[in-house]
Amino acid sequence: MLDAPPPRDPTPVIITTTQPAPPRRSSWIVTVVAFAVAAGVIGFVIGDLVDGPSTSSDPAHPTHPTPPNTVAVADADRAPAATPAVAKTETPAVAGVDPVAVVEGPCPAGMVLITGGKFFMGTDDDSAVLVPARPAHQVDVGTLCIDVHEVTVDAYRQCSDRGECKRAHRTSEWPAPEGKEPTEWRASISAYDELCNERYDDRGDHPVNCVSWAQAQSYCEWRGGRLPTEAEWEFAARGSDGRVYPWGDEDPGPEHMNGCGAECRTWRAARNLRETPAVLYDASDGYSGTAPVGSFPAGRTQWGLDDIAGNVFEWTADSFTSYPGASPSQTMQDDGPERRVIRGGAFNSFQAVHADPALRFGQVPTAHTHGIGFRCAAPPR
């Protein structure tokens with residue numbers, strides 16, 4: 001039986017309703033030109049901001065300095081903590097919750113039940129960045145449990161401090177994007193290293209980042225779970241009702257998600273990095289890097305999941321391949337080394353489309369970046 005600190009993360013009421021399944025809005029404009037535009041956007045969001053392969057080993061765990069990337073946010077703007085009733089039983093650690101405690105019901109503490117059903121996975125939207133997510137196709141997802149929150153630094157350390165998981169990296173590394181100057185790539189890496197949360201002792205309630213796909217999968221297995229498939233992830237984010245964003249149809253604002261607002265440009269300018277092409281909203285959301293999980297309750301999904309859009313991208317179990325029925329212009333990203341699907345956008349997402357649950361990118365599984373974390377799934381008991 002593992003010894004662990006008291007729970008940090010609130011556990012929501014288990015929801016078991018099933019949503020109707022109309023198809024999403026669609027457009028059939030698919031062109032190679034659109035793909036080229038998408039490649040440019042992906043190059044900025046993924047290549048410059050969020051991903052990377054490991055080229056170094058984990059350094060020793062130092063005394064961590066005060067985090068440089070956090071802008072103060074009033075406590076009233078953060079999601080209140082909840083203390084669920086628990087029944088004691090032996091079970092692996094769950095999302096920062098005492099590993100010997102579970103909420104009475106079909107899911108472990110820190111998880112919510114997602115009742116399975118049909119939905120239209122992907123999109124027919126003609127936005128260039130969504131090329132890899134086309135076409136929309138019907139998928140039937142089984143019932144599962146999934147983490148309410150992205151796995152936190154404290155939760156991950158419960159595993160790494162016991163030698164069951166490799167420690168999260170304190171550096172952010174990703175493959176050099178094609179056509180990008182090596183000096184600019186290395187300068188970006190140097191700047192983004194400071195956003196790896198393993199460096200700090202006071203970010204225990206932030207999502208763990210700078211972890212590879214294998215580290216994420218190993219942690220979930222230690223808990224008795226696994227990474228969700230991308231179909232499970234998207235269904236948990238959207239449900240069956242065809243909503244545009246995880247919270248509904250309202251465009252994302254600083255109350256919905258930790259994205260790239262005014263604070264994003266300020267942070268980049270201070271480090272002499274090129275300016276982001278746009279901002280998601282003109283206001284500041286208070287965080288130029290990650291935020292404590294659950295800080296944006298207005299962005300909560302119909303199932304009660306927090307930060308499904310923004311904060312960090314999330315590793316999923318699946319390899320990055322084209323969808324059934326994809327046209328030739330939609331399969332151009334299949335070439336190259338194996339990649340794993342990441343979902344959900346991050347704190348540096350600068351377009352509303354980055355909050356679309358259909359958004360998907362591929363990343364090499366050895367990447368460990370400041371913009372990628374994860375959450376776990378498990379079968380109901």
Side-chain angles (χ1 to χ4, degrees), residues 24 38 41-42 45-46 49-51 112 114 119-123 125 127 129-134 136-137 139 141 144 146-151 174 207-209 211-213 215-217 219-220 225-239 243-247 252 256-259 280 290 293 296 299-303 305-323 333 338-365 367-377:
R24 298 190 65 208
V41 175
I42 292 168
V45 175
I46 298 298
L49 293 180
V50 301
D51 46 358
V112 68
I114 306 293
F119 80 113
F120 282 88
M121 181 177 177
T123 184
D125 191 298
S127 173
V129 76
L130 292 177
V131 167
R134 299 201 289 264
H137 54 290
V139 174
V141 174
L144 73 149
I146 194 166
D147 282 339
V148 173
H149 296 139
E150 293 159 333
V151 172
W174 63 92
V208 67
N209 59 0
V211 290
S212 68
W213 182 89
Q215 286 175 297
Q217 177 68 3
Y219 171 83
C220 291
R226 57 178 172 76
L227 288 172
T229 68
E230 62 168 326
E232 290 171 337
W233 188 98
E234 186 174 334
F235 184 68
R238 186 198 304 285
R243 60 184 55 201
V244 179
Y245 303 110
W247 54 83
H256 292 116
M257 61 180 284
N258 180 16
L280 187 59
T290 61
V293 297
F296 298 85
R300 194 166 288 156
T301 73
Q302 59 189 307
W303 304 106
L305 306 184
D306 284 318
D307 304 310
I308 204 79
N311 221 9
V312 286
F313 277 95
E314 299 176 16
W315 288 114
T316 69
D318 293 332
S319 296
F320 185 65
T321 59
S322 298
Y323 284 159
Q333 289 198 346
E338 180 190 14
R339 289 170 286 173
R340 296 286 180 171
V341 176
I342 57 173
R343 290 294 200 119
F347 57 81
N348 45 28
S349 293
F350 59 90
Q351 293 180 317
V353 71
H354 297 159
D356 189 317
L359 183 77
R360 63 195 296 259
F361 292 132
Q363 182 53 281
V364 295
H368 53 85
T369 87
H370 53 290
I372 305 178
F374 65 101
R375 72 182 75 212
C376 302

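This is a predicted model, so every value here is computed, not measured.
- How far CD1 of Ile146 is from OG1 of Thr301: 9.0 Å, rounded to the nearest 0.5 Å.
- Here CG of Asp318 is found 14.0 Å from CZ of Arg339. Values are rounded to the nearest 0.5 Å.
- Rounding to the nearest 0.5 angstrom, the gap separating the CZ atom in Arg340 from the OG atom in Ser319 is 4.0 Å.
- The backbone N or O of Ala377 lies less than 3.5 Å from no partner atom in the side chain of Arg226, so there is not a single donor-acceptor pair.
- The OG atom of Ser127 lies 8.5 Å from the CG atom of Asp356; values are rounded to the nearest 0.5 Å.
- To the nearest 0.5 Å, atom CZ of residue Arg300 and atom CD1 of residue Ile308 are 12.5 Å apart.
- The two residues Ala231 and Phe119 come nearest to each other via the heavy atoms O-CZ, 3.6 Å.
- Applying the side chain to side chain contact (heavy atoms under 4.5 Å, CB included) rule to Ala309 yields the partners Pro246, Trp247, Met257, Ala355; only residues at least two apart in sequence or on another chain are considered.
- By the salt bridge (Lys or Arg N to Asp or Glu O under 4.0 Å) test, Glu230 is found to be paired with Arg343, Arg360, residues two or more places apart in sequence or in another chain being considered.
- Partners of Ser212 according to the side chain to side chain donor-acceptor pair (under 3.5 Å) rule, which considers only residues two or more places apart in sequence or in another chain, are Gln215.
- When side chains are defined from C-beta on, Val293 does not count as touching Asp306, because their heavy atoms never get closer than 4.5 Å.
- Scored by the side chain to side chain contact (heavy atoms under 4.5 Å, CB included) test, Ala317 finds Leu227 as partners (sequence neighbours excluded).
- Counting only distance, with no hydrogens or angles, the side chain of Gln302 and the backbone of Arg238 share a donor-acceptor pair below 3.5 Å.
- Judged by distance alone, the side chain of Arg134 and the main-chain N or O of Gly122 form no donor-acceptor pair under 3.5 Å.
- For the pair Cys376 and Val151, the tightest heavy-atom approach, listed with the atom from each and the gap, is SG-CG2, 4.1 Å.
- Side-chain atoms of Thr316 come within 3.5 Å of backbone N or O of Val341 as a donor-acceptor pair.
- Closest of all the heavy-atom pairs between His256 and Phe296 is O-CB, 3.5 Å.
- Residues passing the side chain to side chain donor-acceptor pair (under 3.5 Å) test with Trp315: none are found, sequence neighbours excluded.
- Ring orientation note: the planes of Phe374 and Tyr219 are nearly perpendicular, at an angle over 60° on the 30°/60° scale.
- Nearest heavy-atom pair across Gly259 and Leu280 is CA-CD2, 4.1 Å.
- In terms of modelled atom types and a separation under 3.5 Å, the side chain of Arg375 and the main chain of Asp147 share a donor-acceptor contact.
- For the atom pair OH (Tyr245) and NE2 (His354), the distance works out to 11.0 Å, reported to the nearest 0.5 Å.
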Step-by-step side-chain contact (heavy atoms from CB on, under 4.5 Å) determination, Leu359 to Phe313: CA-CA 10 Å; Leu359 183 77; Phe313 277 95; 4.2 Å; yes
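- Residues satisfying the side chain to side chain donor-acceptor pair (under 3.5 Å) test with Asn258, not counting sequence neighbours, are Asn311.
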